[in-house]
Amino acid sequence: MTTHPNRLIIAPSLLAADFLKLGAEAEAVENAGADWLHLDVMDGHFVPNITFGPLVVKALKTRSKIPLDVHLMIAPVDPYIAAFAEAGADHISVHPESGPHLHRTLQLIRSLGKKAGVVLNPATPVEAIVNVIDLVDIIMVMTVNPGFGGQAFIASQLSKIAALRRLIDSSGRQIYLQIDGGITPQTAHSVLDMGADCLIAGTAVFGKPDYAKAIADIRAAMPKPFPEFTVSGG
Ligand code: DX5
Ligand code: ZN
């Protein structure tokens, strides 16, 4: 059986939620149709903003039934990976710039039984992933500079998304192609057209009054027929 998604994965980013009621917000998007919950961890050093650490992930794990998709924007990253794994992260994604040995970092994440992701900043080339693709479950393309929600989508990343789709297909591996930053129903359409299969959305979900409608509106952006979703077997 394949684990490749047979539908678009939508991962609301809790960064745009009401931090006075994170548990209720996590539950609300889950009930509204979210597939994964995206958690942005920032250290005020690797990125110019500070959010939360493993304690918050651990607390959320007690309320969330969907996978916790943890995006680490911290450096150095290696010393904290075990703590996020123990806290209940299901996916752990790291930036190549957040440590000296990306291959070793990915080995560490996988040794803890978690899905491993690599995140490419807008200026980080596709080549950063090529020699570690055998260790990767998720490739995340930043379509904003990391650090803040609510920024404008950087359209120059579309060709990178298309190149990554080709790379993933030629690898023969089941790898999610995830997009983070500035996702709206309009930008969703463009990135899905380039071969993305997993979208992170902060403002476009938590910034709306009706989360179920917000998620449905993004899902409706899926081009038809959705090119990658006829995969079976494997
Ligand atoms: C930015 C974060 C994103 C952010 C996206 O560093 O990685 O996940 O929450 O927010 P929106 O969807 O508002 O651009
Ligand atoms: Zn993120």
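All residue numbers in this chain count up from 1 along the given sequence. All ligand and atom numbering here is 1-based and tracks the order in the structure. Only heavy atoms go into these numbers, but all of them, side chains included; no hydrogens, no water, no symmetry mates.
Between His95 and His71, the ring centre distance stays below 6.0 Å.
Within the 4.5 Å cutoff, the side chain of Ser93 has no heavy atoms near those of the Leu72 side chain. Looking at Ile50 and Met42, their side chains never come closer than 4.5 Å, going by heavy atoms from C-beta outward. For the pair Leu39 and Leu60, the minimum side-chain heavy-atom distance is below 4.5 Å.
Rounding to 10 degrees, one finds that the Zn ion (ligand 2) sits at the corner of an angle of 100° between His38 NE2 and His71 ND1. If you put the vertex on the Zn ion (ligand 2), OD1 of Asp40 and OD2 of Asp180 sit 160° apart, to the nearest 10°.
When each of Glu30, Glu27, Glu25 is paired with Arg63, the salt bridge (charged side-chain N to carboxylate O under 4.0 Å, His left out) condition holds for Glu27 and for no other.
The closest side-chain donor-acceptor pair between Asp197 and Gln178, if any, does not fall under 3.5 angstrom. For the residue pair Ser190 and Thr187, no side-chain donor N or O sits within less than 3.5 Å of a side-chain acceptor on the partner.
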Give every pair formed by an N or O atom of ligand 1 and a protein N or O atom closer than 3.5 Å, one pair per line with both atom names and the distance to 0.1 Å, or write none.
| residue | atom | partner | partner atom | Å |
| --- | --- | --- | --- | --- |
| ligand 1 | 6 (O) | Gly147 | N | 2.7 |
| ligand 1 | 7 (O) | Asp40 | OD1 | 2.9 |
| ligand 1 | 7 (O) | His71 | ND1 | 3.2 |
| ligand 1 | 7 (O) | Asp180 | OD2 | 2.7 |
| ligand 1 | 8 (O) | His38 | NE2 | 3.4 |
| ligand 1 | 8 (O) | Asp40 | OD1 | 3.1 |
| ligand 1 | 8 (O) | Asp40 | OD2 | 2.9 |
| ligand 1 | 8 (O) | Asp180 | OD1 | 2.6 |
| ligand 1 | 8 (O) | Asp180 | OD2 | 3.0 |
| ligand 1 | 9 (O) | Ser13 | OG | 2.8 |
| ligand 1 | 9 (O) | Asp40 | OD2 | 3.1 |
| ligand 1 | 12 (O) | Gly202 | N | 2.8 |
| ligand 1 | 13 (O) | Gly150 | N | 2.8 |
| ligand 1 | 13 (O) | Thr203 | N | 3.1 |
| ligand 1 | 13 (O) | Thr203 | OG1 | 2.4 |
| ligand 1 | 14 (O) | Gly182 | N | 2.8 |

